[in-house]
Amino acid sequence: MKEYLFNILAIAFLSVSCFEEDQRVPPYPGLVSTIEYDITFYQGYFDFETNSVVKTHHRDEWDLAFGCDARSWHIKVNSGNELFVYRSALIDLNEPYNISGNEEWQYDNPTGYPDSSAVGTWCDTSVFPYLSHNKVYILAQKGVQGYSEYLRFQMFSSDSSCYLLQYLKPGETVLKQLDVLKADSFNFTYYNFKEEEQKNLEPLKGSYDIVFMPYYDLVYGIVAFPMPYLVRGALLNPDGTEACMYENLNFENIDYEQVLSAKFVDRQNIIGWDWKDVSIDFAGGTATYNVKTNRVYLLKSVEGNYFSLRFLSYTLDGKYGFPRFEFRPVLP
Amino acid sequence: MAYTIRVITLVLYLVPFVAAVGQDKCYQIRDKYSGEPICFATLKLCSEGKTMNILSDKEGKFCTDVSQPVYLEISGMGYKTLSDTLTSEYDNQIELIPDLLDIEEVVITGQVTPRRCDQSVYKVTLLSKKDIEHKAAVNLSGLLMNELNINLMQQNVLGRTISIRGLGGEHIKILYNGMPVSGRQLGIIDLDQIGIHHANHIEIIEGPLSVIYGSNALGGAINIITQAAAGKKLKAEAGINYETAGIYNMNLNLFYGLKKHCFGLNMARNFFAGFNPDKNSRFDVWKPKLQYMPGVNYAYRGNKIQADVYVDFLHEELRDKDSLSRDNLYESADDRYYFTKRLNLGLSIGYRFSPVSAITAQAGFSVYNRAKNSYHINLVDLEKHLITDPSMHDTTNFRMISGRLAHTFRLKNLEIITGTDMNYENGYGKRLSGEKSIGDYALFSSFIWDILSGLQIQPGLRVSYNTRYKPPLIYSFNLKYNLAGLKLRASVANGFRTPSLKELYMEFLDQNHRVFGNQNLKAETAHNYNISVSYIHAAHRFQYDFSGDFFLVRVKNKIDFLFDYDQSGKLKSATYFNLPGSLYQTKGIALNTGISYKDLIHVKTGIALTAISSPGNLEKIDFSPDVTAKIQYNVHRKYLSLVAYYKYTGKKYFYKNNIGDATTAAYISKEYTDPYHNVDISLNGRFLSQDLRISAGCRNLLNNITVFSTASASIHGVNNSQMPVGWGRTFFIRVNYILKSKSS
């Protein structure tokens with residue numbers, strides 16, 4: 001009998017001493033989207049109304065972007081692909097110039113304001129068509145060894161239909177003239193100098209609200225002084241998307257009253273990259289991110305609808321670079 | 001059928017058989033204090049040049065012819081050996097004195113030949129099968145929990161590590177029947193993976209044993225001695241253990257003796273459900289795990305040849321479950337599963353050429369394999385898949401081949417051991433960046449010389465060749481002097497530790513760790529000085545003992561971590577390095593006292609002060625106290641005892657070496673862990689002729705879960721953190737059942 005008792009006890013032991021099985025949980029109640037392309041390398045254009053990424057392209061698809069508005073003279077540099085501009089004192093593209101290391105390399109201020117761009121106000125904006133000051137801009141790519149010249153260019157003009165410029169690639173002696181045609185249905189048109197091709201990479205300007213992409217910004221706290229750093233974040237569609245930010249606002253309780261009292265701004269980096277903390281390991285070449293889930297945004301879409309937004313994570317399958325966010329329409 | 005069930009259930013105790021001897025006069029052997037008969041005591045009777053070995057019967061009786069004086073030696077488990085001459089006038093009631101201090105137990109670790117604990121030139125702490133029973137311990141960490149000068153630390157998925165006298169796990173040799181155990185993660189062997197369900201006893205030597213055991217024995221050695229089968233009997237023992245923390249352990253040991261051959265089979269299954277103070281969290285601070293530990297052994301006990309072969313295996317599955325957070329929408333998790341396999345295979349053959357000369361050959365093969373697999377589980381539909389990112393998985397393998405050949409020779413008052421020792425370790429895996437190996441080959445010699453009555457010395461020397469480093473000449477000098485009940489021990493020794501393969505080559509990158517090996521590491525060398533004095537006095541029904549120890553260890557080129565932090569103060573990475581330009585020093589004293597009244601009450605107390613020096617400044621030291629106490633009250637000497645263990649783990653200081661940043665130079669930070677008290681109690685009963693053994697009690701009576709620690713101090717100050725020390729107050733019950741076969 002004792003042996004039977006022992007056997008029963010042993011079997012009972014075996015049956016209860018197993019790993020606990022997981023129980024089903026209800027799905028997360030909010031409307032959640034994940035950018036499934038690593039925004040270190042891809043630009044993803046997101047539209048809130050359709051809850052979809054309407055277009056994606058690789059960051060190295062373009063070098064310079066040109067504003068498409070008939071009156072635009074705005075030029076952007078792809079700092080997300082480590083491209084920077086030096087406003088040289090040269091006036092002739094053929095004039096010899098070697099990078100000394102003392103250049104003040106510029107990147108676009110992510111606010112998106114044209115006068116804060118790397119190229120800056122390259123023309124006399126008081127007279128249309130706009131004519132250039134004829135400055136020579138050195139476009140360089142930042143690498144492990146430092147900056148190396150990518151090409152140099154000189155703007156001529158911008159009118160209602162196109163930009164006119166010339167450029168010279170390193171090792172070449174023949175100047176190339178370039179017409180960049182404005183495309184009215186887009187915010188910007190893009191040019192890839194490697195492929196020598198103009199591209200309309202963006203979706204139509206009214207079809208998206210924010211773009212997730214890599215870009216440079218001034219970051220505080222990495223070292224003792226503010227440091228330009230390649231960040232990954234979200235920029236507003238300059239065609240009318242606006243947003244405002246709140247700390248510690250109860251996401252669940254946001255209603256239209258909140259919208260009415262909100263101060264929306266069109267600064268393109270109002271969302272930016274700062275919805276996450278980053279700890280950078282220079283030696284190891286890695287970074288650790290923590291999403292600030294207490295940071296809440298109100299957003300007015302390009303179509304004029306209001307949404308509340310908060311970020312939930314920056315990780316997908318254990319890898320960083322994939323923002324996940326929750327949003328809700330805020331209705332009157 | 002009933003017998004089959006008995007065999008399967010297993011619980012059979014060795015019933016030695018009684019040899020028939022002359023019936024002229026019968027005697028009874030009894031406990032001096034309780035008067036209870038002592039069954040199955042071993043008797044050695046010598047008369048007219050003939051020797052006879054017999055056992056007392058169940059009533060403690062034996063009979064012999066005493067027409068001539070007979071030399072008598074009686075030894076019983078738990079009693080002091082009695083030597084006397086038996087004559088016809090001898091009283092037929094023979095009394096044995098209980099051995100209250102285990103000094104009669106034979107130890108082998110570091111010895112030239114097996115000898116009694118009190119006769120060893122080393123101070124050996126012996127933890128017996130009874131200690132295992134009282135603590136209801138199933139692994140080494142459970143057994144060592146409340147020992148003086150021994151500290152255990154939980155290291156997340158790496159398990160529990162040990163430090164002895166301020167020296168970490170990398171300086172402690174873990175031996176399995178005298179052969180080293182392989183498979184260290186971050187320099188440590190997880191003591192939870194070292195099962196003791198089939199251990200006969202455990203021997204602990206605090207202090208250097210580098211002459212005998214080579215590298216990793218700077219701080220001491222822990223030797224697990226497994227049970228050897230004996231007798232022409234089937235013996236079976238089954239045990240189950242339950243603890244309210246979600247611990248379910250089962251074990252089964254089988255022994256069968258056939259003349260000079262003994263066969264053993266053992267099996268253990270240990271399960272721990274995991275623990276987190278936050279009951280709602282899916283994440284466990286103490287990881288759930290399931291272990292299987294099967295093993296077989298064979299022993300041959302001939303007149304001249306003794307041989308042992310054993311194979312022990314461990315399979316452990318440990319689950320590191322992800323917490324649910326907004327990050328994963330409370331609906332999915334990335335879980336990490338760790339699968340560890342250990343195989344220890346050993347062979348030991350001893351051949352006795354003559355009563356004074358013997359040779360022992362030992363060979364060991366140890367395999368360690370640890371694989372990490374990461375799974376993504378969707379908790380909404382419970383769909384689980386292996387994460388495709390290769391960086392989320394890895395496997396590490398170690399193999400160690402060990403060999404030892406030793407010749408012992410005895411000359412009147414001199415015992416000499418000379419031998420060779422070889423260890424070859426090979427490791428491969430992603431974290432080691434390929435396949436790496438290191439070998440150590442040595443010649444060693446040591447002798448024990450009884451110079452004068454009571455004075456023993458044991459010098460030792462080891463000459464070795466290492467495939468990567470140039471080891472120094474390793475020496476040791478031990479001295480023991482007996483003066484009445486006073487024993488004085490002193491030792492001077494040096495030691496040597498080559499960096500492990502992991503310390504040299506590791507790349508350990510995951511979400512929680514970034515640890516890098518360093519191929520430029522130098523080997524550690526150390527000098528170790530010990531003095532100890534012990535005194536035992538037995539008077540009437542009382543027995544007192546006292547011991548005091550002083551030690552000093554100086555380690556040169558100590559291998560340590562160099563920590564690096566990010567700007568938020570979080571630990572970013574750690575790299576192995578040699579502490580630059582200085583010695584690392586630990587020193588301390590330990591005082592132990594014990595008092596026993598009859599075999600009714602045993603009280604043992606200990607206090608230890610251990611100091612570690614700041615790297616680069618030997619004058620800057622901090623003492624950490626430890627206090628232990630054990631009170632055992634035998635309600636009935638054989639059948640019922642109440643045992644309480646107490647340990648005060650004092651404030652522990654340690655130093656961290658940190659990389660500076662743009663504004664601070666590299667610096668050393670002093671860290672500490674707060675003190676805490678621990679109390680365990682158990683009630684141990686033996687029933688059904690001692691075949692049924694039940695221990696029940698409470699562990700961690702004071703409900704310790706975490707203590708404050710500054711271990712994560714950063715360049716910007718201190719990040720307060722909690723270090724896990726236990727899973728709170730739990731209750732346990734352990735039942736062991738022994739069945740005896742009817743045939744003999």
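Numbers restart at 1 for each chain; the letters A, B, ... are given by sequence-line order, proteins then strands.
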**Q** Which answer fits Asn378(B), side chain, backbone, both or neither, if we ask what part of it has an atom under 4.5 Å from a heavy atom of chain A?
**A**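 Neither part, no heavy atoms under 4.5 Å.
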**Q** Could you give the distance from CD (Glu21(A)) to CG (Leu382(B)), rounded to the nearest 0.5 Å?
**A**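 If we round to the nearest 0.5 Å, Glu21(A):CD and Leu382(B):CG are 9.0 Å apart.
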**Q** Tell me, for Asp284(B) versus chain A, whether the close heavy atoms (under 4.5 Å) come from the side chain, the backbone, both or neither.
**A** neither
**Q** A quick test of your reading: do over 12 heavy atoms of other residues, nucleotides or ligands sit less than 6.0 Å from CD of Gln23(A)?
**A**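 It does not: Gln23(A) CD has 12 such atoms or fewer within range.
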**Q** Just checking Glu247(A): does its CD atom have more than 12 heavy atoms from other residues, nucleotides or ligands closer to it than 6.0 angstrom?
**A**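 Atom CD in Glu247(A) is packed in, count exceeds 12.
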**Q** Within a reach of under 6.0 Å around OH of Tyr37(A), are more than 12 heavy atoms found that belong to other residues, nucleotides or ligands?
**A**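 No, the 6.0 Å shell around OH holds no more than 12 heavy atoms from other groups.
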**Q** Can you check whether Arg24(A) reaches Val380(B) side chain to side chain, under 4.5 Å on heavy atoms?
**A** no
**Q** Less than 4.5 Å to any heavy atom of chain B: does that hold for the side chain of Arg324(A), its backbone, both, or neither?
**A** side chain
**Q** May I ask you to check whether over 12 heavy atoms, not counting those of Glu49(A), lie within 6.0 Å of atom CD?
**A** yes
**Q** Identify whether the distance between the nearest side-chain nitrogen and carboxylate oxygen of Arg282(B) and Asp22(A) falls below 4.0 Å.
**A**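 Between Asp22(A) and Arg282(B) there is a salt bridge, with a charged N closer than 4.0 Å to a carboxylate O.
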**Q** Heavy-atom distances under 4.5 Å only: say whether Val32(A) touches chain B with side chain, backbone, both or neither.
**A** side chain
**Q** Counting only non-hydrogen atoms closer than 4.5 Å, does Ile247(B) touch chain A with its backbone (N, CA, C, O), its side chain (CB onward), both, or neither?
**A**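 Neither part; nothing is under 4.5 Å.
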**Q** Can you name the nearest heavy-atom pair linking Glu20(A) to Lys321(B), along with the distance?
**A** O-NZ, 3.9 Å
**Q** Determine the minimum heavy-atom distance between Tyr330(B) and Val25(A), stating which atoms define it.
**A**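 Between these two residues, the closest heavy atoms are O-CG2, 3.5 Å.
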**Q** For the CZ atom of Phe19(A) and the CG atom of Leu318(B), what is their distance to the nearest 0.5 Å?
**A** 7.0 Å
**Q** Between Lys384(B), Arg319(B), Glu331(B), which residue shows the highest count of heavy-atom pairs closer than 4.5 Å to chain A?
**A** Arg319(B)
**Q** What part of Tyr248(B) gets within 4.5 angstrom of chain A, counting heavy atoms only: side chain, backbone, both, or neither?
**A**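 Its backbone and side chain both get close to chain A.
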**Q** Find the distance between OG1 (Thr388(B)) and NZ (Lys319(A)) and round it off to the nearest 0.5 Å.
**A**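 If we round to the nearest 0.5 Å, Thr388(B):OG1 and Lys319(A):NZ are 7.5 Å apart.
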